[in-house]
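Contents: one structure, followed by commentary.
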Amino acid sequence: LKDGILRFTGSAPIEYIYDVTNGEKLTVMVTNSANILLNEVYFPDANFRAALAEILGISEGDLISIEMLLTDKLDVSKKQIADLTGISYFSALTELNAADNALTALDLTSLHALEKLNCDKNSLTVLDVSRNTDLKDLSCTNNELHVLDLSKNNALEKLNCNDNYITYLDLSNTALNGLQNVTSKIDLSGNSADLGEGFDAEKASDLVNATIEGKTLYKEECGLSAF
């Protein structure tokens, strides 16, 4: 153990565990950096590899060091990336910007520390952030989402999901429970949305251009916002 990082060999990505005595997060690197190369085996998408090479200051085929894998912010927006396979090796990420690419899928299951995600302007039909329980800020506009289940994201404070096809939006158990803390407009693109069993409609008193009946939100005019 050195500088809060436990290093030993293996092939799995970084994981996080908590010290039950004080609740502090300990970063555990369960990988051998010699195994992680910037090549098509670990990162199949050529545009993703090119973006990483530029960001990390290395060349294709080079080793990716532990220190590089522990970076906490990554901006790979506007790179024409169709596949983010390999992002799991950067499990220390707290911020990821993958906006304006050509993604049809996004696997975030290993990014347990993620607090801010921007995946706007892609072609995502599914977005699973159930494992990203530290997520505070989510922007997923201009995709092809029909369902957005955020019921596991208790820390979520900001959401922007306009220009999708959402008919089910579960905000129960989030900080947005009653939409009082929403800082971005939610545009439902003309559809109604089931807000989930845990949604507290009584807190949603400051809606703009939207009405709630029971657990269903109905969009009027251009969307809704609450402050």
Side-chain angles (χ1 to χ4, degrees), residues 5-6 8 10-18 25-33 35-38 40-45 47-49 51-52 55 64 66 68-77 79 81-99 101-120 122-141 143-161 164 166 168-176 196:
I5 303 172
L6 180 65
F8 54 94
S11 59
I14 306 166
E15 295 289 345
Y16 288 92
I17 61 174
Y18 288 85
K25 187 180 291 184
L26 172 68
T27 304
V28 180
M29 170 67 88
V30 192
T31 189
N32 182 348
S33 63
N35 290 336
I36 311 301
L37 303 175
L38 186 59
E40 61 183 4
V41 174
Y42 295 97
F43 306 92
D45 189 288
N47 291 329
F48 187 25
R49 294 197 302 275
L52 288 176
I55 293 168
I64 302 180
I66 287 179
M68 292 176 184
L69 291 173
L70 287 174
T71 186
D72 61 350
K73 296 180 178 65
L74 201 58
D75 186 344
V76 292
S77 60
K79 301 296 185 182
I81 298 169
D83 184 358
L84 271 183
T85 295
I87 195 67
S88 60
Y89 296 112
F90 295 90
S91 294
L93 286 178
T94 59
E95 295 186 16
L96 172 62
N97 185 352
N101 281 297
L103 299 172
T104 58
L106 184 56
D107 185 355
L108 302 169
T109 54
S110 295
L111 304 186
H112 302 301
L114 196 63
E115 297 180 357
K116 184 176 183 179
L117 170 65
N118 186 339
C119 55
D120 296 345
N122 281 284
S123 298
L124 299 173
T125 57
V126 175
L127 182 61
D128 182 358
V129 289
S130 60
R131 297 284 298 276
N132 312 108
T133 54
D134 288 343
L135 193 64
K136 297 178 181 179
D137 187 336
L138 170 62
S139 187
C140 54
T141 70
N143 278 284
E144 300 175 18
L145 301 173
H146 289 262
V147 172
L148 189 57
D149 186 350
L150 304 173
S151 60
K152 304 296 184 182
N153 304 102
N154 299 32
L156 192 67
E157 298 174 351
K158 183 176 181 180
L159 170 65
N160 194 346
C161 59
N164 279 285
I166 296 173
Y168 181 83
L169 176 63
D170 194 340
L171 298 173
S172 58
N173 305 316
T174 71
L176 305 178

Set of salt bridge (Lys or Arg N to Asp or Glu O under 4.0 Å) partners for Lys136, sequence neighbours left out
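Salt bridge (Lys or Arg N to Asp or Glu O under 4.0 Å) check on Lys136 returns nothing, list empty.
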List for me each residue that meets side chain to side chain donor-acceptor pair (under 3.5 Å) alongside [X], sequence neighbours excluded, and say none if there are none.
{"X": "Thr125", "result": "none"}
{"X": "Thr85", "result": "Asp83"}
{"X": "Asp72", "result": "none"}
{"X": "Ser151", "result": "Asp149"}

Could you walk me through whether Asn101 and Leu84 pass the side chain to side chain contact (heavy atoms under 4.5 Å, CB included) test, one step at a time?
CA-CA 10 Å; Asn101 281 297; Leu84 271 183; over 6 Å; no
Just to verify, what does [X] make a side chain to side chain contact (heavy atoms under 4.5 Å, CB included) with, not counting sequence neighbours?
{"X": "Asp75", "result": "Ser77, Asn97"}
{"X": "Lys116", "result": "Glu95, Asp137"}
{"X": "Thr141", "result": "Asp120, Ser139, Asn160, Asn162"}
{"X": "Val129", "result": "Leu108, Leu117, Leu127, Asn132, Leu135, Leu150, Asn153"}

Could you state the interatomic distance from [atom1] ([X]) to [atom2] ([Y]), rounded to the nearest 0.5 Å?
{"X": "Ile55", "Y": "Leu74", "atom1": "CD1", "atom2": "CG", "answer": "4.5 Å"}
{"X": "Glu115", "Y": "Thr133", "atom1": "CD", "atom2": "OG1", "answer": "10.5 Å"}
{"X": "Leu38", "Y": "Arg49", "atom1": "CG", "atom2": "CZ", "answer": "7.0 Å"}
{"X": "Asn35", "Y": "Ile64", "atom1": "CG", "atom2": "CD1", "answer": "11.5 Å"}
{"X": "Thr104", "Y": "Leu106", "atom1": "OG1", "atom2": "CG", "answer": "10.0 Å"}
{"X": "His112", "Y": "Asp134", "atom1": "NE2", "atom2": "CG", "answer": "10.0 Å"}

Would you name the heavy atoms of [X] and [Y] that are closest together and state the gap between them?
{"X": "Asn143", "Y": "Ser123", "value": "OD1-N, 3.4 Å"}
{"X": "Asn122", "Y": "Ala99", "value": "ND2-CA, 4.1 Å"}
{"X": "Lys79", "Y": "Ala51", "value": "CG-CB, 4.0 Å"}
{"X": "Ser88", "Y": "Leu111", "value": "CA-CD2, 4.5 Å"}
{"X": "Ser91", "Y": "Ser110", "value": "OG-O, 3.1 Å"}

Starting from the C-alpha separation in whole Å, work towards a yes-or-no answer on side chain to side chain contact (heavy atoms under 4.5 Å, CB included) for Ile81 and Leu103.
CA-CA 7 Å; Ile81 298 169; Leu103 299 172; 4.2 Å; yes
Is Thr71 reaching over with its side chain to a backbone N or O of Met68, donor-acceptor style, under 3.5 angstrom?
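It does not hold such a pair.
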Can you find a heavy atom in the side chain of Leu145 that is under 4.5 Å from one in the side chain of Cys140?
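Touching, per the 4.5 Å side-chain cut-off.
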How about Leu159 and Leu148: do any of their side-chain heavy atoms sit closer than 4.5 Å?
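Yes, at least one pair of side-chain atoms sits under 4.5 Å.
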Does atom CD of Glu40 have more than 12 heavy-atom neighbours, drawn from other residues, nucleotides or ligands, at distances under 6.0 Å?
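For Glu40, atom CD is not crowded (no more than 12 foreign heavy atoms under 6.0 Å).
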Identify the residue among Tyr89, Phe43, Phe90, Tyr42 that makes a ring-ring contact (aromatic ring centres under 6.0 Å, His included) with Phe48.
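The passing option is Phe43.
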